[in-house]
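For reference, the structure discussed in these notes is given below.
Order of the sequence lines fixes the chain letters, A, B, ..., with proteins taken first and strands second; residue numbering starts at 1 for each chain. Keep in mind that this is a model prediction, so the values were computed, not measured.
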Amino acid sequence: MIAIKLFGVMRDIVGKPMLDIDEQVTTVAALKEVVEQKYPKAKALNSLLVAVNSEYAADEQTITATDEVALIPPVSGG
Amino acid sequence: MIAIKLFGVMRDIVGKPMLDIDEQVTTVAALKEVVEQKYPKAKALNSLLVAVNSEYAADEQTITATDEVALIPPVSGG
Amino acid sequence: MDYSIQITEKPLVPEVAIQAVSTPNAGAVNVFVGTVRNATSGKKVVQLEFEAYEPMATKELVKIVEQAFRQWPLQKVVVCHRTGVLAIGEVPVVIAVATAHRKAGFQACEFIIDTLKQTVPIWKKEKYEDGEVWVAAHP
Amino acid sequence: MDYSIQITEKPLVPEVAIQAVSTPNAGAVNVFVGTVRNATSGKKVVQLEFEAYEPMATKELVKIVEQAFRQWPLQKVVVCHRTGVLAIGEVPVVIAVATAHRKAGFQACEFIIDTLKQTVPIWKKEKYEDGEVWVAAHP
């Protein structure tokens, strides 16, 4: 299981601050696919990135259960 | 007679804050010539401009005794 | 590299950042102050809310500021970003950059705010009289 | 054109200028703060003195600021220049520019300080331990 931190619009879409993914996902790309299947509204966003251990992660990066994983919808700080 | 306001290094060169020019000068160019003859150190400056009625004046601009005239050595504000 | 990065719920005071970067070696301080506008795209904004993913936001800010130090001859940099609920006129962000010569300060300060807005995981929700929206989320 | 220009012997406080330009319509304030450096060209500076030719300095500043308003969409501008004797670390100049969008603010603020240094009749004398010099006077 991977516990995923949610922020901003993603927290609103999912309805809670953490999302547990039980499916067997081992890469960033697979994780995004699962999320977008479960929450079609995520596909309508301008972008959806994944951070692994608080660094932006490329699609092919692997994820393990001990990583800190977060979904990063379009940022709008400043 | 034209009374000329002096600032910065020009006040130091002349040794006082005002300079009275008795010579018959009717243009900015003529005034600069008189000043540079009287005070050769003025020629060593990076630049020496003339303001008439608190506006930068071109060489050919005429000067009368009622104008407010100032010598403007290189500025260095900010 | 002499810098400080702060993500805080407390009100930001630009003068504090200016004082913090001012050194006897610096001749110029460039400061960017973001303020909460009362309208965007013609819609009246009543309140803003900022949320940050820490420590990733801090990490990303460190990257940006260190990149700026490599790119320009800087002396001191302070970046402060506020989180939580802000009223109109309040300050979400202050960036202060001290340099010996001013051109580098303008360029580095603009680089920092431009890049902050692109990469730092902070999110802004605008609240209107009739609803709210996460800025930039949707096309 | 909403601006204020001030040439004063009193200490400058950047926060006052920032407050003065901040409006609910502005989203960005760019500020340039000049400070007295402790050295120029490797020579130790102990004090600075600024002298202005008023009202010409004010007139020239008005021209610069109005030119900036014509060139960029600005909301409010404050320019303050100090005269008299300043110690190391004190502030000779503060320029604050409020805009709806930040890019114009950076550009206008840099234009104002660059042009100020070229055209406004203000003179700076640097005092060293062993003498003094009017800056920029000689090649």
Side-chain angles (χ1 to χ4, degrees), chain B residues 2-21 27-29 31-33 35-78, chain D residues 5-8 12 32-37 40 45 48-64 79-84 86 91-95 109-127 131-139:
Chain B
I2 297 170
I4 299 163
K5 287 177 187 282
L6 303 174
F7 298 95
V9 69
M10 272 311 298
R11 201 187 46 238
D12 286 0
I13 287 171
V14 174
K16 52 189 181 179
M18 292 291 291
L19 172 65
D20 294 339
I21 296 279
T27 66
V28 164
L31 170 67
K32 280 209 283 199
E33 207 170 309
V35 168
E36 288 178 354
Q37 258 176 359
K38 276 182 191 264
Y39 302 97
K41 282 183 176 173
K43 273 190 277 197
L45 298 176
N46 269 323
S47 70
L48 184 61
L49 300 176
V50 174
V52 176
N53 300 323
S54 58
E55 298 277 357
Y56 285 107
D59 274 355
E60 56 279 8
Q61 189 168 329
T62 56
I63 302 174
T64 69
T66 57
D67 288 326
E68 177 172 311
V69 180
L71 290 173
I72 312 288
V75 301
S76 50
Chain D
I5 284 161
Q6 203 189 2
I7 295 176
T8 174
L12 301 182
F32 176 80
V33 180
T35 55
V36 175
R37 290 171 66 191
T40 51
V45 176
L48 278 192
E49 199 174 332
F50 283 92
E51 179 183 340
Y53 170 25
E54 291 206 60
M56 186 179 171
T58 304
K59 261 194 192 176
E60 289 295 321
L61 282 170
V62 165
K63 282 182 200 166
I64 295 168
V79 179
C80 305
H81 203 297
R82 181 137 174 233
T83 55
L86 276 76
V91 173
V93 63
V94 175
I95 299 166
C109 191
E110 190 168 15
F111 166 79
I112 292 170
I113 181 63
D114 285 354
T115 315
L116 181 159
K117 283 176 175 269
Q118 287 162 14
T119 66
V120 177
I122 297 177
W123 297 272
K124 170 164 63 180
K125 185 161 68 175
E126 284 183 352
K127 302 198 180 189
E132 55 182 44
V133 76
W134 288 101
V135 174
H138 294 96

Look at the rings of F50(D) and H81(D) and say which category their plane angle falls in: under 30° parallel, 30 to 60° tilted, over 60° perpendicular.
-> perpendicular

Before giving the answer on side chain to side chain contact (heavy atoms under 4.5 Å, CB included), spell out for I122(D) and T83(D) the whole-Å C-alpha distance, their side-chain angles and the decisive distance to 0.1 Å.
-> CA-CA 8 Å; I122(D) 297 177; T83(D) 55; 5.5 Å; no

Check whether more than 12 heavy atoms from other residues, nucleotides or ligands sit under 6.0 Å from atom CD of E33(B), and answer yes or no.
-> no

Does D67(B) use its side chain to pair, donor to acceptor, with the backbone of T64(B) at less than 3.5 Å?
-> yes

Which residues satisfy the salt bridge (charged side-chain N to carboxylate O under 4.0 Å, His left out) test with E55(B), sequence neighbours excluded?
-> K59(D), K63(D)

Out of curiosity, I4(B) CD1 to L6(B) CG, how far, rounded to the nearest 0.5 Å?
-> 7.0 Å

With only heavy atoms counted, which part of A57(D) is less than 4.5 Å from chain B, the side chain, the backbone, both or neither?
-> neither

From the list G77(B), A51(B), S76(B), the residue making the most non-hydrogen contacts under 4.5 Å with chain D is S76(B)

Heavy-atom distances under 4.5 Å only: say whether Y53(D) touches chain B with side chain, backbone, both or neither.
-> both

Given a strict heavy-atom distance threshold of 4.5 Å, which part of V120(D) is in contact with chain B: side chain, backbone, both, or neither?
-> backbone

Give, as side chain, backbone, both or neither, the part of N53(B) having an atom under 4.5 angstrom from any heavy atom of chain D.
-> backbone

Proximal component of W134(D), with respect to chain B [non-hydrogen, under 4.5 Å] | side chain

Please state whether the side chain, the backbone, both or neither of E49(D) comes within less than 4.5 Å of a heavy atom of chain B.
-> neither

Most chain B-contacting option - heavy-atom pairs closer than 4.5 Å, from A136(D), A137(D), G34(D) = A137(D)

So, the side chain of H138(D) versus the backbone of N46(B): is there a donor-acceptor pair under 3.5 Å, distance only?
-> no

Name the region of P121(D), side chain, backbone, both or neither, that has any atom closer than 4.5 Å to a heavy atom of chain B.
-> both

